[in-house]
Amino acid sequence: MADTRTIKVEALARVEGEGSLHVKVKDGQIKELHFGIFEPPRFFEAFLRGRDFREVPDITARICGICPIAYLMGASQAMEDILGITVTKPIRDLRRLIYCGEWIESHALHVYMLHAPDFLGLADALELAKVDRSLVENALRLKKVGNEILETIGGRAIHPVALKVGGFYKLPTKKQLSKLEEELKWAVETSVATVKLVGGFDFPDIQQDYNFMALRHDDEYAIHEGRLVTSSGLDFPVSQFLDHVEEEHVPWSNALHGKPKDGGNHHVGPLARYNLNHDKLGKTARAAAKAAGLGAVVKNPFQSIVVRAVELVQVCEDALKLVQGYVEPDKAFVDAPIRAGEGHGCTEAPRGICYHRYRIDSDGSVLDARIVPPTAQNQKVIELDLWKVVQANLAKSDDEIKWRAEQAIRNYDPCISCATHFLKLEMERG
Amino acid sequence: MPERKRPKLAVWKFSSCDGCQLTMLDCEDELLALTEEVRISYFLEATRKVEKGPYDVSLVEGSITTPHDIKAIREVRKQSKVLITIGACATAGGIQALRNFKNVKEFIRCVYAHPEYIDTLTTSTAISDHVPVDFELRGCPVNKYQMLEVLNAALNGRKPNIPRHSQCMECKETGTVCRMVATGTACLGPVTQAGCGTLCPGKDRGCYGCFGPMEAPNTAALAARLGQLGQSGRGIRRLFHTYNANSDAFRKEGDNHG
Amino acid sequence: MVKPDNLAPLIEDHPFFKGVDTKLRDLLVGCAANERFEAGQFLFHEGQKAEKFYLIRAGTVAIEIDQPGRPPIVVETIAEGEVAGWAWIVEPYRATFDARAVTLVRALSFDAKCLRRKMEADPTLGYDVLRRFVPIMAHRLSAARLQMLDLYAPPKPAKEKTVKAEKADKKSKGANRAPDARLKKAKKKDGK
Amino acid sequence: MAQPNSKSTTPYLLDMDGLAALISALRRQGRQIVGPRLADDAVIYDDIETAADLPAGWGSEQAGGHYRLKRRDDNAVFGYGLAPQGWKRQLYPPRQKLFAARRQAGGFTVEPPPPPAPPLALIGVRACELAAIARQAKVFGDRAFADPGYQTRLSSAFIVAVQCAEAQATCFCASMGTGPEVTAGFDIKLTEVFVQKHHGFVAEAGSAQGAKLLKALKAPAAGPAEIKAAGVAVKNAARQNKHLDAEAARNLVAHPDHPRWDKVAERCLSCGNCTMVCPTCFCTTVEDVTDLKGDNAERWRKWDSCFTMDFSYIHGGAVRTETRSRYRQWITHKLSTWVDQFGEQGCVGCGRCVTWCPVGIDITEEAAAITGQERI
Amino acid sequence: MNAPLRDALHAPVRDPLHAPVRDPMVPVPFRIEKVRRDLSDTFTMELVPEAGGEFAFQPGQFNMLYVFGVGEVPISISGDPADRSVLVHTTRAVGQVTEALDALKPGDSLGVRGPFGTSWPVESAFGHDLVFVAGGVGLAPLRPAIYQAMANRQRFGRVIVLYGARTPEDILYKKELERWRGRFDLDVLVTVDRATGKWGGNVGVVTNLIARGGFDPLNTTSFVCGPEVMMRYAAQALEKKGVDTGRIWVSVERNMKCGCGLCGHCQWGPHFTCKDGPVFRYDRVADLFQIREL
């Protein structure tokens, strides 16, 4: 039929991992729309079974090259939960600092290299460099600040090696961290300028009524700990995550869809955090957001780029404070005897909450593992956004629609590698 | 001025965490200079622009885990003059090769609500198990300086300075005190290829072998020593069976323990 | 074929029979003849009865293998002071190669049957002749082996990585739903 | 480097303040001060600022494949045994730039590396280490081609030697004739003594500049008690359980097919640790590096080890593919062919290769087994 | 008193008379004047120092040739030692550096360090028959010695060049060999392992030519250069023929990084191949040839 169109984006660009998009349109109406994740499953939960609990943080880090801290830390927290360990304040601060590093690196990468080109009609950041080289140089420098935090504390930026259950293998010296100070001061300024820059982009006028979910902490903009809250009013400890979220297996995705048990969908990531924790943003970040025209509520998914930039301000400033306030602790980690049990961990990866649950045996071997990464939870809302974006642009050419749709997906900074490690293991026993 | 003819670079992904190709984007100081010397023709993580092959240099990340991967890598090989595999997944099957030691079909059947949706091989294998590879760059993830070195060497027609010797040599070069001798920590350094920059020993922990086996590793002698240092058979097995579990030397040694 | 009255000096002068005992020499003379081959003439052919062997006094002889449709393969060339033919000692007494005169060749030939008979009858002669032939055979063997080594060949390039055994399981159930952008794009744009 | 000192001087007695003053004086000369300090569960030789950086009260316990820091029951600053790596790091660094080349129209220019700077002061050099320095000095200068870098660093260095007061279980300098007593090759020699709970250092000059420096410190002369204590210390250090029959070891080359090579190869990891920690091992390789454009090139020299496969590579492949051959190369060179090359053995008996071998292979045992002094 | 220690530390580290003027590890730029292709993978370059001046060397010595940014490789000098105005190298392209050398053209620059190593003792053969035994590209390091012998022709008995190549197409310096063969005072015998085309000459290994003799073994000096296996067998053949092993000289190859005894790579038993060799007297190293993986 003449008015049947199929729009396919077979390999999404500028996302971590490989995904696809299929849209079938008939008589001016979308009939089918799938955000597909065809990256093959990697069975992490399967082979974690029988491993020593101390190995889990490093192994799960391999789920994702861009947010390994989310795994290192979430897994460590879950193990500490089992062993009854509470880390000391200096260790907690250092953890937040290295997490800030990951956010800076990831957000700078996404804002400038992966997402901004969409708003400028460019294919990539290299084309952007041709238009404005210093802009891309600044972006890379900003990204490097994040990586340097990761490297100084963790040893390397991707899959850092210094983190362990209870804290760190080795602590950075004050001298090493102080070296980051000047760059971080520059980074705060540059990220404020970034908010201004991306705030000036043109955004399609789309407002979505999301059910946001994020961590919330009394004393800070939650990154590495807190309770889970939703815009629908839920407020529960991390340990109850699975009471509220379930996973669904759809034919077009190798990643299980995470969704609320009480129906509907939920949205995790920068927009969720911003909307739920706006009051916890620091002064500088809040001012930057305001100057860019953001209110306390942002429901346009395309404005996530601005929110990400606001979060960049937040973490650059946090990192600067943490570096300045760092005092070398006496002990690099907190130890405790092994015991059997179940534990939970949850942190805010740059692209949303990343949940871990483990059960270990009395000899420390893993009996069971469950990990719910952010992109899996966002699959549903991504499809809802796409539905709206595609419908609104049906008059346009396929190429134009593809670009718009890709952009809508990139709003979520999806990490497909994360999303496809899945396997529900509790069913395997028996 | 007409644009110089730059070699075409493609970056491909198979089953992996993305960390190795991300390493490319982590070359903050060198990225723009690099793109002046090579033409990025296919690199989905960085650009939606796609140029047709053949490609002068292909970097391949990830392992082969589906039947469709097998077809795809053959096509990549056909399109690439030089094929360089990057990272533990591409050079040894990666962490996901731990499935090779278990029954994957069982997992899927028991676990997924719709096993028929899942199309996967029972093994995760290295790229060189399927097509000829010109250079294998190790690491989980690769070291960015090594990656630049390999590209640089390819551009300048010289041999890449990528040693195949033990991690110990690198520790000594950097003046790092041996963890195993000075603290009794289990360490795979003596059988692991150097190149990470002495990461783990520099952070007071034993090497966990993410760069895979060195040239002619004596894993049996190390395993014996680890036993003397108090490692259980299972512990020794786990050490060898992690990030490069499917590399010949580590797989075999791990199989001998536990 | 000319048969001079006394071939003794020729035998004595040839390096192969250097220092031969007079009595034995005389026995040898009885089986010897002086021969001449023009360039291109064959001393003997592969597979033929090995009825003679030759002490080369002048010229070059190619030891070669014939192959249909292609030039013969020269295994070795031998020259003045060397010996052509040893198959006459070993049953079934058939030549194992062709021997072709490359230049004008002058040689002393020895009748194999005659010599074998004398060797049977006189073990001293038999031993002496064998003693002289064995090193020749050993030398031939060692030279052939060295040649096989292809010593001057360009060194093999650093071992190229080859495809390891395909361990991967090719059988897999379930439809392959993954849209393969990589594959299709590459194919589509391959064009030719 | 120390120049011969014709007149013997009376020993001085320094206390900790005196030692600190000595270090300050060397620093004032613009020297980079390298000495023992505590780091990463060991006492290593590294840059030190003041005498306060010295590892007071720390000792070590060393055996095959085993090193543990341990607390001493005194506050000796030089009582730590030997550091994991010797002064090779300073005098012949693991990475050295050999030259830089720049492409220019129609060719290229070559720039030699800048001369090494600043001059070094090495604090705490042991007798075996002085011997090792001397042996490397021969390798890098006693022949037609010298290494100017090594020669400059050594000849400009100020050497503060320290007498050993005790031997580790891995020490065998006495049997190699290189120690424990420091006899020559230093600018200042210290012997750490405790006399009636007074912690001090008997200091002797070994060169004119050493004598000048000591004199300037205005330290008192050492008394007979201190001198006697210094003598006792050296005697204690000479009590060593490990021995190597240097004469017999000369004969190692005569046993290229000894079954012991296979036995040791079963244990040997060919990791190269022994060669890297050996204070006389001098092998290096080179790396050519370029910038991405290929307009600038450099060559770097890097420590190498005869345990690597590439070490013996000639086009087509490595000559020494088996561990047995590589181990044999190392030990025969060290104990046997070194004598042919340089008139003395390459081993100084410091025992580092024993301590830092991850599996504790002992050069003295292997040499004894192969030369037939012990049962295999 | 510890004498060796004292000596080593206090003796002048360099004999001022023989002190190298410059750092032996820093190459000197030379310009390529001419390139001639000898064989499909082998070529000869003529080099002159960019800064002008002469280059003196002894036959059998080698240089480290540096290709900008690619690396360095030891290559024997194959020109006439009497001609100091030009430096001649014949190279076979078998690796990354030699292939990069092959890609250079006249006018290009390369770096040279050297000359290094021992030489063919041509003078020691005065009064003798002089037999050169060469295999493959092993003819190149012998050529300077052949030139020197011819320059002093009257001081020798017979001068014989025995040369083995893989095929007739692989014969190095073919025209020059023809020219030499034409001389009444030089015997040139060439053999190939595999005859191809119209080759009407000798077939078989070069050691066969030794067996045929033509020289007075008791009064012969021989210089042998080629693959190590070939040298071993050639030396054995010479010895069998009656040549004193103290008058046989071979040129040994090992991994060389520095060329001047500093890097340790080329050690072969007690020898630094770069400094004590590459030219060795056979009787001094015959035993080493027999040790596997030495």
Side-chain angles (χ1 to χ4, degrees), chain A residues 11-18 39-44 46-47 51-52 55 58-59 62-66 68 105 109 113 123-127 129 133 136-137 140-141 143-144 147 155-159 161-162 164 168-170 248-249 251 254 332 403 406 415 417 423-425 427-428 430, chain B residues 13-23 25-26 28-29 31-32 35 40 43-50 65-66 69 94-96 98-99 101-102 104 106-108 110-114 117-120 124 140-141 143-144 196-197 199-200 202-205 208 210 234-235 238 242-243:
Chain A
L12 290 165
R14 304 205 311 267
V15 295
E16 289 83 37
E18 300 206 333
E39 181 129 342
R42 292 168 70 211
F43 304 112
F44 271 81
F47 51 70
R51 302 296 299 205
D52 188 83
E55 297 179 291
D58 286 321
I59 291 178
R62 266 64 183 183
I63 290 172
C64 178
I66 192 158
E105 188 279 327
L109 175 73
M113 318 284 289
D124 54 41
L126 303 174
E127 285 188 357
R133 190 178 170 106
V136 177
E137 281 171 348
L140 288 167
R141 184 171 161 192
K143 181 170 167 319
K144 193 179 172 190
N147 275 341
R156 65 181 162 197
I158 300 169
H159 306 327
V161 301
K164 66 185 280 190
F168 294 86
Y169 283 94
K170 187 180 187 177
E248 183 188 29
H249 192 189
N254 283 356
W403 190 315
E406 282 184 51
C415 182
S417 307
L423 205 57
K424 285 196 286 183
L425 275 174
M427 300 176 68
E428 199 203 278
Chain B
K13 178 182 154 66
F14 290 84
S15 189
S16 66
C17 79
D18 254 49
C20 292
Q21 51 174 322
L22 186 67
T23 301
L25 298 178
D26 274 357
E28 289 99 359
D29 294 335
L31 189 63
L32 292 179
T35 57
I40 293 185
F43 186 4
L44 277 188
E45 181 158 338
T47 177
R48 63 194 304 271
K49 197 166 64 189
V50 171
T65 60
T66 67
D69 283 348
I95 185 87
Q96 59 270 18
L98 288 176
R99 71 165 72 178
F101 302 85
K102 301 197 173 189
V104 171
E106 265 319 285
F107 290 168
I108 300 168
C110 304
V111 168
Y112 272 86
H114 299 283
Y117 298 165
I118 299 296
D119 186 24
T120 183
S124 169
C140 183
N143 174 298
K144 80 173 178 186
C196 66
L199 282 174
C200 289
K203 292 288 180 191
D204 283 2
R205 68 184 290 195
Y208 57 62
C210 73
R234 265 179 85 200
R238 284 186 196 127
T242 311
Y243 306 100

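Letters A, B, ... are given to chains in the order of the sequence lines, protein chains preceding strands, and every chain is numbered from 1.
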| query | Picking from A:Glu127, A:Glu55, A:Lys164, A:Arg62, which has the most non-hydrogen pairs under 4.5 angstrom with chain B? | reply |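 Most heavy-atom pairs within the cutoff with chain B belong to A:Arg62.
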
| Which of the residues A:Arg51, A:His159, A:Arg133 is involved in the greatest number of heavy-atom pairs with chain B at under 4.5 angstrom? |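 Option with the top pair count is A:Arg51.
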
Show the nearest heavy-atom pair for residues [X] and [Y], with the distance to one decimal.
{"X": "A:Ala157", "Y": "A:Asn147", "result": "CB-OD1, 3.2 Å"}
{"X": "A:Asp58", "Y": "B:Arg205", "result": "OD2-NH2, 2.7 Å"}
{"X": "B:Arg99", "Y": "A:Phe47", "result": "N-CD2, 4.1 Å"}
{"X": "B:Tyr208", "Y": "A:Arg156", "result": "OH-NH2, 3.3 Å"}
{"X": "A:Ile63", "Y": "A:Arg42", "result": "O-NH1, 3.5 Å"}

Identify which part of [X] has an atom lying under 4.5 Å from any heavy atom of chain A, answering side chain, backbone, both or neither.
{"X": "B:Tyr243", "value": "side chain"}
{"X": "B:Cys20", "value": "neither"}
{"X": "B:Asp29", "value": "side chain"}
{"X": "B:Ser124", "value": "neither"}
{"X": "B:Thr65", "value": "side chain"}

| task | For the pair B:Lys13 and B:Asp18, find out whether any cationic side-chain nitrogen is under 4.0 Å from an anionic carboxylate oxygen. | result |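 A salt bridge is present here (some side-chain N lies under 4.0 Å from a carboxylate O).
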
| A:Asp52 portion near chain B, given a 4.5 angstrom heavy-atom threshold |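 Both parts, backbone and side chain.
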
| message | Is A:Ile59 close to chain B through its backbone or its side chain, or both, or neither, when contacts mean heavy atoms under 4.5 Å? | response |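 It is both, since atoms from each part get that close.
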
| task | Check whether any side-chain heavy atom of B:Leu98 lies under 4.5 Å from a side-chain heavy atom of A:Phe44, and answer yes or no. | result |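 Not in contact.
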
Of all of [options], which one pairs up most often with chain A through heavy atoms under 4.5 Å apart?
{"options": "B:Pro141, B:Gly202, B:Gly94, B:Cys200", "value": "B:Pro141"}
{"options": "B:Ile40, B:Leu25, B:Leu31, B:Asn143", "value": "B:Leu25"}
{"options": "B:Lys144, B:Gln96, B:Lys203", "value": "B:Lys203"}

| query | For A:Lys143, which residues count as a salt bridge (Lys or Arg N to Asp or Glu O under 4.0 Å) partner, sequence neighbours excluded? | reply |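 Counting only residues at least two positions away or on another chain, A:Lys143 forms a salt bridge (Lys or Arg N to Asp or Glu O under 4.0 Å) with A:Glu105, B:Asp26, B:Glu28.
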
